[in-house]
Asks: 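One structure coming up, written as structure tokens, with questions to follow.
Predicted model, so just to flag it, every value in this text is computed and none were measured. Quick note on labels: first sequence line is chain A, next is B, and so on, each numbered from 1.
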Amino acid sequence: MSMPSTTISQQSGQGVREMTLGKAINEALAEELRRDPRVFIMGEDVAEAGTPFKVLSGLVEEFGPARIIDSPISEAGITGLGVGGAMTGMRPIIDLMFGDFIALAMDQIVNQAAKIHYMSGGKLKVPLVVRTTLGATRRTAAQHSQSLHAWVSHIPGLKVVLPSTPYDAKGLLKTAIRDDNPVVFFEDKMMYQLKGPVPEGDYSIPFGVADIKRVGSDVTIVATSSMVQVALAAAEILEKLDISAEIVDPRTMYPLDKETMIASAKKTSRAIVIDEGYERYGVTAELAADIAEGAFYYLDAPVKRLGAMDVPVPFSPVLEDLTVPTPASVVEVAKTLCGRV
Amino acid sequence: MSMPSTTISQQSGQGVREMTLGKAINEALAEELRRDPRVFIMGEDVAEAGTPFKVLSGLVEEFGPARIIDSPISEAGITGLGVGGAMTGMRPIIDLMFGDFIALAMDQIVNQAAKIHYMSGGKLKVPLVVRTTLGATRRTAAQHSQSLHAWVSHIPGLKVVLPSTPYDAKGLLKTAIRDDNPVVFFEDKMMYQLKGPVPEGDYSIPFGVADIKRVGSDVTIVATSSMVQVALAAAEILEKLDISAEIVDPRTMYPLDKETMIASAKKTSRAIVIDEGYERYGVTAELAADIAEGAFYYLDAPVKRLGAMDVPVPFSPVLEDLTVPTPASVVEVAKTLCGRV
Amino acid sequence: MSQAKASKAGKEAEEKLSQGEADRWLALYEQMLTIRIFEEHVNQLYITAKMPGLAHLYTGEEAIAVGVCAALRRDDYITSTHRGHGHCLAKGASVDRMFAELLGKAAGYCKGKGGSMHIADQDTGNLGANAIVGGGAGLATGAAMSSKMRGSDQVAVCFFGDGALGQGVLYELMNMAALWKYPVIYVCENNYYNEYTHNSETTAGSMLGRAEAFGVYGEMVDGQDVRAVEAAAQRLVARARKGEGPAFLLCDTYRYHGHHVGDVSRSYYRSKEEEEAWKANRDPLKILRGWLIEQGAASAETFAQIEQRVEAQVSAGEQFALDAPYPDPSEVAQDVYA
Amino acid sequence: MSQAKASKAGKEAEEKLSQGEADRWLALYEQMLTIRIFEEHVNQLYITAKMPGLAHLYTGEEAIAVGVCAALRRDDYITSTHRGHGHCLAKGASVDRMFAELLGKAAGYCKGKGGSMHIADQDTGNLGANAIVGGGAGLATGAAMSSKMRGSDQVAVCFFGDGALGQGVLYELMNMAALWKYPVIYVCENNYYNEYTHNSETTAGSMLGRAEAFGVYGEMVDGQDVRAVEAAAQRLVARARKGEGPAFLLCDTYRYHGHHVGDVSRSYYRSKEEEEAWKANRDPLKILRGWLIEQGAASAETFAQIEQRVEAQVSAGEQFALDAPYPDPSEVAQDVYA
Ligand SMILES: Cc1ncc(C[n+]2csc(CCOP(=O)(O)OP(=O)(O)O)c2C)c(N)n1
Ligand SMILES: Cc1ncc(C[n+]2csc(CCOP(=O)(O)OP(=O)(O)O)c2C)c(N)n1
Ligand SMILES: [Mg+2]
Ligand SMILES: [Mg+2]
């Protein structure tokens, strides 16, 4: 039962298509561009090229180069344009190709976008979306493989989204574009080809609502982004070992639905958290600390964390594959946690 | 007994002076500049002005403008110079006035400095120190008050230091300068005037060794930077309430001495972690998760976290003072944790 | 390299000033004086420990903010800097709420959450002072982009100091403003110092040449002569409004006080003589006042009246702020998200 | 604005080439050919799915790396880019260990940890390819700073593409290089495209003017003529070595392949005709070979021999890499810290 449990089924009366996550993103963007003339996209090679990941293909043809704008290689500059544009009546979507490049735009995102509403005493608003990527195993080495979402999750004033399925990607991206706050939206490069059901018609998914991607009773696995897929694969294996895993996908790092994670951990009394960012001082630390505190009196064992190995991502495939959580590594941790060694 | 317990006493045969943390930093820099001609300092207003905090006063007079270099307002650029210089035989110390400005230099610190040793298969080295600041309550508002050390603590390849006393500041800064890796060194702006004992003569403090700043038996308080001072003040109050607090100062975020924190928590069976960074996805999450896992079978209550409030730092003193942990707020948490409500 | 066109002053001097003209310059004089007196009060608030934190005074540079904003409409945008009080006032902010902000009071423009370095006032198109050097460049250029995208003819002015020329993002933005003809005017307030360091030690090449190399039209002007600044601003704003693209206005100026109110011992980085020479020979208030008197457009008495009025208004604003309540503690967690 | 001095080619054509001269140009020819053939092999490795990931081929741009590095000593520094194989080879790396790196093998220059975009070779002064556009600017300028501080006469060359002109940090660094006369040469490989976007859509103003506005001396050169590149590089390197400061060398060039090996359908951003015209008329190998033949300095047979030798060497290097072992899994956690 690796189908999303609480999601598609909620949509009724509409056809459901199988589509890739990349296409779901593309559809969300196209629909919002159609709906709201204030929405536009700016980034490197976003127009005719449709980005190196081809996720934006076809948009410039429909919306023209005034709304799908190829920019110079100026991550800080274009993010700054996004902030200024958002403050003055537009709803910019800034495309930062590789998540590693947010390092170039942190001042604009953190010192400007995140703080302007508060610093102005609530008068100015920054309805900005920064779309970027995360995820390793693409053989692009240390500067093109990082998952740096912990940085922005740390910052008050920002919202942070990590979709794990085509359905979630589309619905969450729509919410992001309609939100009046700066939102950083992380797409896993390795999931663009992942297929899943997406209903026809407009829908959006609220921020701060975790999704239980699989119901189980023995161990809770909290997973983000593509790690949800890893967890689902692990759960299949665990099922055969008679370990029933419940998979909780927070979907948004902020706002964070602590209640759902904690409730699941209380129910199963064991929890693992998985994320593709570096483990040290990363997202797994926050999620694990929240569960350890919230489910303290219910846990039978310590919360276990599985992040990316704390090394720069190596190029060589034989090394790179060792750095990320896999179904096998999740299964091992789950077995240990459930006393099956 | 708020005196550092395991530190000064180890130094023997030398005079001990009382000096401010700022002066201790200044001394460490001067001694290293004297010892090693490869060491130099670059930053905005570091020479005649001695920085806005006056921490570098006197250095340009002794070492001249070729080694104490006033730079343009180019945080990314000067950090880049530091990386390139470090790779080719120098040992640069780059001064980034306010910690908030590391947002401008993250690409240089994270995508370059942190990864070059690994990406080159261990051939190139980056013996760089980035000195910057943290800490609020200086009435400088949202863009000059952040404590962003969680960002760099997250990144493999970097070492991260947060001294809490003049003694530690001097000894840790020497270790940083002598280290062959990029080190980010965070000084709390509000502690520059803090006085404490510093022995004469050369000494250094190894990274990755936590310091027990106060021995206690009822509750462990893990605290960083100026929060150690807050914890010490809280401990005095708690003492009067018959709660004996042990204070553990990790001193370096990476390498992190998990053992000492966990051993203390096992002993006291209760733990609080305090840090001045934003609480959400911050340093308290990592420390709490580590303790919750490592001392799981010994803890009588969940680990409690106290970070900065998750809001941009407000200007108004009546608001700003609410955003940081204080002795009073630590006492409250400790009392609750120890069942004294 | 374009030089500033000769100021109109010469030609005009020969004609008689109309009453309308005279009143207009007197109004700008009053604005400059308001900034001057406001800042002196701020300094006093600091000295008497009534103001939390620090402030960077605009004293000496008044002609730039006032001259440029005189060329702007209320719905045009500006972004400002750590030295931002002058820009705010020139764009239309009122002294009482500015003082309130500086004192961290609830009646401040930002409810006391922003303070001196973050005053923003949406109603007058002020997108905010910024404590990141160069931080306004993205916001102003983005606002100009927005104006163009929305088919509006609003322009955006980005004020910044010579120190901001050290920030690479400024060039990224100028490049894009030039590429896409955004109606933005970059106003560089060259007061020769980056904090405590002279800009000859921090800035190579040519300041004006930098703008031009990125395709941004540049002019240079005497930043102490409000009439020259205003004339240049009118030209550049008109260009931008017509869709002819961005411009860069380099203004020579000087700050009379320290980098911030606490910077009182300055001899290690600049001489008393230098300071005195600027105040004696290039004071923007003196220059305009001298010209108006020379024109027979105003008497010493007029100026005395203006001074009295401004002093009264500023004092009243200060008192309002001193008496105003602090924000409620619950405010600390408000306005993090819209 | 300085234009490149007329290349020496004209004058030299009239004199007879000495054997030493002829051999020297033949050696550079062989270097260019090595890069060309190396890249063709890389492409084949990609097509036959023997290479993990992607690679950005230098084919067509060989004269720049080879011409510039011919003016450098072994202990001079370079920094390189995502399109870096040519720079590495020209600075002295050997093909076998480069192939090994590209295949993620332990014998690679970085033990397989860096891959195509991160080859570094300390022994030849190569501070590494860089996958951050403009990422080499800090490293090269910092290396030049270090050279000056250490009292060495080493120079540093920073190779980058025209796309890097979009990165603000480049200007921050040029400004400091000019201020402090660091011996760094910024070599801009202007192949007209930033990935899939023509630089007329991304770059306003004047490329050369940018350097000059920051106080960096600039020249422009035909990047397809290795003799012109070499002559310019010799001048700029000599200047820098003598302490006369940084320079910027703008080289016109073209990449024959896609942005990376997988970019095979390019018609949406550039035409087949444009590609063919460059290959036909401005190929750096053809240009040098034609001149050497014209000079009577080498025969078709010489070139055939060179080609055979290079092909054999490159093939041997490739085979070495294909046969080489992968790193031990334990390597993953090594080299994080020194
Ligand atoms: C990015 C950044 N770096 C450093 C600082 C600290 N700082 C504040 S003002 C200033 C000098 C600014 O000089 P300039 O731009 O010329 O403005 P002026 O103060 O002369 O008006 C510096 C370095 C800052 N606020 N932001
Ligand atoms: C900071 C950064 N932004 C974007 C990219 C993605 N990217 C890789 S190569 C490239 C184009 C570079 O163009 P140019 O500098 O002209 O080099 P060329 O590929 O033409 O040799 C881009 C945008 C990157 N690697 N780094
Ligand atoms: Mg200045
Ligand atoms: Mg190019």
Asks: Between B:Asp321 and chain C, with a heavy-atom cut-off of 4.5 Å, which part of the residue counts as in contact: side chain, backbone, both or neither?
Replies: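 Neither; nothing under 4.5 Å.
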Asks: Have a look at C:Phe248 and tell me which of C:Arg210, C:Met174, C:Met220 forms a side chain to side chain contact (heavy atoms under 4.5 Å, CB included) with it.
Replies: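 Looking at C:Arg210, C:Met174, C:Met220, the match for C:Phe248 under the side chain to side chain contact (heavy atoms under 4.5 Å, CB included) is C:Met174.
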Asks: Search all heavy atoms of C:Glu39 against all heavy atoms of C:Tyr58 and return the closest pair with its distance.
Replies: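 So the minimum-distance heavy-atom pair works out to OE2-N, 2.6 Å.
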Asks: Is any residue of residues 97-107 of chain B within less than 4.5 Å of chain C by heavy atoms, and which ones?
Replies: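 Heavy-atom contacts from residues 97-107 of chain B to chain C are B:Met97, B:Phe101, B:Leu104.
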Asks: Is it the case that B:Ser226 and B:Glu276 place a side-chain donor and acceptor less than 3.5 Å from each other?
Replies: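 There is such a pair between these side chains.
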Asks: Answer with side chain, backbone, both or neither: which region of B:Ala49 has an atom nearer than 4.5 Å to a non-hydrogen atom of chain C?
Replies: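 Its backbone and side chain both get close to chain C.
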Asks: Do side-chain atoms of B:Ser153 reach the backbone of B:His149 as a donor and acceptor pair under 3.5 angstrom?
Replies: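 Yes; at least one donor-acceptor contact below 3.5 Å.
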Asks: Quick one: what part of B:Glu75 sits under 4.5 Å from any heavy atom of chain C, side chain, backbone, both or neither?
Replies: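 For B:Glu75, the contact with chain C is made by backbone and side chain together.
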Asks: Spell out, as yes or no, whether a donor-acceptor pair under 3.5 Å connects the side chain of B:Ser74 to the backbone of B:Ala76.
Replies: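 Pair absent, no side-chain N/O of B:Ser74 close to backbone of B:Ala76.
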Asks: Within residues 195-203 of chain C, which positions have a heavy-atom distance to chain B below 4.5 Å?
Replies: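 Expected list: C:Glu195, C:Tyr196, C:Thr197, C:Glu201, C:Thr202.
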Asks: Is a donor on one side and an acceptor on the other found under 3.5 Å between the side chain of B:Ser316 and the backbone of C:Gly104?
Replies: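 Side chain of B:Ser316 to backbone of C:Gly104, a donor-acceptor pair under 3.5 Å: yes, one is there.
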Asks: Look only at the side chain of B:Asp188 and the backbone of B:Gly135, and say whether a donor-acceptor pair between them is shorter than 3.5 Å.
Replies: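 Pair absent, no side-chain N/O of B:Asp188 close to backbone of B:Gly135.
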Asks: Give me the ring orientation class for C:Phe38 and C:His85: parallel if the planes are under 30° apart, tilted from 30 to 60°, perpendicular past 60°.
Replies: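 Rings of C:Phe38 and C:His85: perpendicular, as their planes differ by over 60°.
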Asks: Listed by residue number, which members of residues 322-338 of chain C have a heavy atom under 4.5 Å from any heavy atom of chain B?
Replies: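 The stretch touches chain B at C:Tyr326, C:Pro327, C:Asp328, C:Pro329, C:Glu331, C:Val332, C:Ala333, C:Val336, C:Tyr337.
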Asks: Using a cut-off of under 4.5 Å for heavy-atom pairs, which of C:Val169, C:Asn130, C:Leu165 has the most such pairs with chain B?
Replies: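 Looking at each option in turn, the highest pair count goes to C:Asn130.
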Asks: Write down the atom of C:Glu101, the atom of C:Tyr109, and the distance for their closest heavy-atom approach.
Replies: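 Closest approach of C:Glu101 to C:Tyr109: OE1-N, 3.1 Å.
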Asks: List for me each residue that meets side chain to side chain contact (heavy atoms under 4.5 Å, CB included) alongside C:Ala143, sequence neighbours excluded, and say none if there are none.
Replies: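 With neighbours one apart ignored, the set is A:Thr88, C:Tyr77, C:Leu127, C:Ala156.
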Asks: Counting heavy-atom pairs under 4.5 Å to chain C, which of B:Glu48, B:His144, B:Glu44 comes out on top?
Replies: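 Greatest number of close heavy-atom pairs with chain C: B:His144.
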Asks: May I ask you to name which of B:Pro52, B:Pro72, B:Ser71, B:Ala141 has the most heavy-atom pairs under 4.5 Å with chain C?
Replies: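 It is B:Pro72.
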Asks: May I ask you to decide if C:His257's main-chain N or O and C:Arg255's side chain share a donor-acceptor pair within less than 3.5 Å?
Replies: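 Checked: pair present.
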Asks: C:Tyr193 and C:Tyr269: ring pair (Phe, Tyr, Trp, His ring centres under 6.0 Å), yes or no, with the steps?
Replies: CA-CA 9 Å; C:Tyr193 292 89; C:Tyr269 72 89; 5.6 Å; yes
Asks: Would you check if the side chain of C:Thr124 reaches a backbone N or O of C:Asp121 as a donor-acceptor pair within less than 3.5 Å?
Replies: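 Present.
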Asks: Checking B:Ser147 against B:Asp275 for the side chain to side chain contact (heavy atoms under 4.5 Å, CB included) test, could you report, in this order, the C-alpha distance in whole Å, the side-chain angles of both residues, the deciding distance, and whether it holds?
Replies: CA-CA 9 Å; B:Ser147 302; B:Asp275 177 78; 5.7 Å; no
Asks: How are the rings of C:His56 and C:His260 set to each other: parallel, tilted or perpendicular (split at 30° and 60°)?
Replies: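 The rings of C:His56 and C:His260 stand perpendicular, inter-plane angle above 60°.
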Asks: By a 4.5 Å heavy-atom criterion (distance strictly below it), what part of B:Ile73 contacts chain C: side chain, backbone, both, or neither?
Replies: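 Contact with chain C involves both backbone and side-chain atoms of B:Ile73.
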Asks: Under a 4.5 Å heavy-atom cut-off, does chain C meet the side chain of B:Val311, its backbone, both or neither?
Replies: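 B:Val311 touches chain C through backbone and side-chain heavy atoms alike.
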Asks: Is it the case that C:Asn191 and C:Glu61 place a side-chain donor and acceptor less than 3.5 Å from each other?
Replies: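 Looking only at side-chain atoms, C:Glu61 and C:Asn191 do form a donor-acceptor pair, the distance falling under 3.5 Å.
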Asks: What's the verdict on ring pair (Phe, Tyr, Trp, His ring centres under 6.0 Å) for C:His82 and C:His259, showing C-alpha distance, side-chain angles and the deciding distance?
Replies: CA-CA 10 Å; C:His82 58 285; C:His259 171 60; 5.7 Å; yes
